2 protein chains.
Amino acid sequence: MTQKDDFDLREFLPYLLNQAAEISSQSFQRTYKGRYGMLRTEWRVLFHLAIYERMTAKDICEKAIMHKTKVSRAVQRLEQRRYLQRKPDEKDRRHEWLTLTSQGRAVYEDLRAHAQQHDQVLMQKLSTEEITVLRRALNALSQP
Amino acid sequence: MTQKDDFDLREFLPYLLNQAAEISSQSFQRTYKGRYGMLRTEWRVLFHLAIYERMTAKDICEKAIMHKTKVSRAVQRLEQRRYLQRKPDEKDRRHEWLTLTSQGRAVYEDLRAHAQQHDQVLMQKLSTEEITVLRRALNALSQP
DNA sequence: TGGTAATAGTTGAAAATGTAACTAACAACC
DNA sequence: GGTTGTTAGTTACATTTTCAACTATTACCA
C-alpha cells in the first residue's frame, strides 16, 4: 500500500472538506442524538428557527441549503415533539410561519451550549490566525 | 426573519465545514454521477485504489475513514462494473487484496482530470495563502 | 374572467445508509 | 487439540434520503 500517483487526495478540497466535516461533526452528533434523539436535519432547522425567530420552510431551505423534503420532514418531527408551531400566513396561505415553542427554545439553549463547547475543543487544534482564515475561506466556499 | 441570537451559526465549525463540503462537492458529484452513475463512496474507493494500487477493504476503511459496510458495498458495485478485482490473500484468507482493472484505471484517470479542474475552480475563490492555511487546518481537523 | 403557469409544501416509492448480528478464517491459550 | 477470542468482511433489517409526482394556493395574462 504505497502511494504511486502524483495526485494527492489530501489536496483535493471536496475530499478534505468532507473528511473534516464528518469528523468534527461526530462529537456534536452524539450530543443531539443522545440527548434528544434528533437528526442532523432537525438540529439545523431548530437552530435556524432559534436564531431567526420566524421563518417559512422555504426560508430554511435557502439559508441552510437543504432540500425542501428534508426540511418538511424535519419540521414534522420537531412539531410532533412540540418543539415548534406552524401558523399559516393570512395573506398567502401557501406559506407557513414556523416558530419555536418554549420547549423548543429550551432544547436549543441546551444544544447551543454544547455546540459552543464542541467548537472550543475543535479550535484547540488550530491557531487563532488559522481559525480566522479558515472561517473566511469556508464562508467563501459556501457561496454557490 | 431577522437575526436575534448572539450565537452565529456561521461561526460554528461543524456547520460551516458541512456547508462548504456540501456545496463544493456538488459540481464534482454531477461529474461522477453523470458520467458513471457512481456514488460518493464509490469514487472514494476507486481513488484510493488508484493511488495506493493494492489495498484490503480494511486499509480503505482506515485511510478514507469510512465504515466497513460502506466500503463493502462500494467494492461490490465497483466489482460488478469490472472496475476492480479481488484476490484472497494466500497466507490469511480473511484478507482480500483489491486492485483496479485497466478499465477502472481509465475511469480514474478521467475522473481525476475532472477533479483537478473542479479544484482549480474552487481555489479561485481563495488566495494562495488562504489555500495553504485551509489545507493545513482541514488536515488538523481531520485527525480524530 | 378563465385558463395556464408558478410556488409552498407534502407524500410515496426507490435508493442509500446505519446498526447489529452474522460467517469464515485465524490466533492464543490452557 | 479443543475452546475461546479476534479479525475481515458480508448480510439483514430499520432508518434516512432522494426523486418524482402530487395537492393546494396564488400569480399572470390574454
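Hydrogens, waters and symmetry mates play no part in the numbers below; they use all other heavy atoms, side chains included. Below, chains carry the letters A, B, ... as their sequence lines are ordered, and counting in each starts from 1. This structure is a prediction, so every number in the text was calculated from the model and none was measured.
For the pair A:Arg10 and A:Asp8, the salt-bridge criterion is met [side-chain N within less than 4.0 Å of a carboxylate O]. Comment: B:Glu62 engages B:Lys58 in a salt bridge, judged by a side-chain N to carboxylate O separation of less than 4.0 angstrom. Ion pairing between B:Glu11 and A:Arg135 holds under the 4.0 Å rule for side-chain N and carboxylate O. By the 4.0 Å N-to-carboxylate-O rule, B:Asp92 lies close enough to B:Arg94 to be salt-bridged with it.
Remark: P of D:dT11 and NZ of B:Lys70 are 19 Å apart, rounded to the nearest angstrom. The distance between atom CZ of A:Arg30 and atom P of C:dT19, rounded to the nearest whole Å, is 11 Å. Per the geometry, CG belonging to B:Asp89 stands 11 Å off P belonging to C:dA27, to the nearest Å. Look at NZ on A:Lys58: it is 16 Å from P on D:dT26, rounded to the nearest Å. In this structure, CD of B:Gln80 is placed 14 Å from C1' of D:dT10, rounded to the nearest angstrom. Rounded to an integer number of Å, the gap from CD1 of B:Ile60 to P of D:dT10 is 11 Å.
Side-chain N/O atoms of B:Arg93 include none lying less than 4.0 angstrom from OP1 or OP2 on C:dA24.
Each of A:Val133, A:Leu16, A:Leu13 was checked for a side-chain contact (heavy atoms from CB on, under 4.5 Å) with B:Leu134, and the lone residue meeting it is A:Leu13.
With hydrogens and angles ignored, a donor-acceptor pair under 3.5 angstrom links the side chain of A:Arg94 to the base of C:dT7.
In this structure, the nucleotide among C:dA27, D:dC19, C:dG9 sitting nearest to the side chain of B:Lys33 is D:dC19.
Applying the ring-ring contact (aromatic ring centres under 6.0 Å, His included) test to residues at least two apart or on different chains, the pairs with a partner in residues 109-134 of chain B are B:Phe28-B:His118. Within the structure, salt bridge (Lys or Arg N to Asp or Glu O under 4.0 Å) contacts touching residues 16-34 of chain A (residues at least two apart or in different chains) do not occur. Every pair tested for ring-ring contact (aromatic ring centres under 6.0 Å, His included) that includes a residue from residues 124-143 of chain B fails, sequence neighbours excluded, so the list is empty.
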Item to complete: Starting at the 5' end of nucleotides 10-16 of chain C, put B wherever the base has a protein heavy atom under 4.0 Å, S where only the sugar-phosphate does, and a dash everywhere else.
Response: BBBB--S
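Comparing the end axes of the helix from C:dT1-D:dA30 to C:dC30-D:dG1, each fitted to five base pairs by superposing C1' atoms of four pairs onto the next four, gives an inter-axis angle of 10° (nearest 10 degrees).
Remark: B:Tyr83 pairs with no residue by the ring-ring contact (aromatic ring centres under 6.0 Å, His included) rule, at least two apart or across chains.
Nearest-nucleotide positions on DNA chain D place B:His95 closer to the 5' end than the other of A:Lys91 and B:His95.
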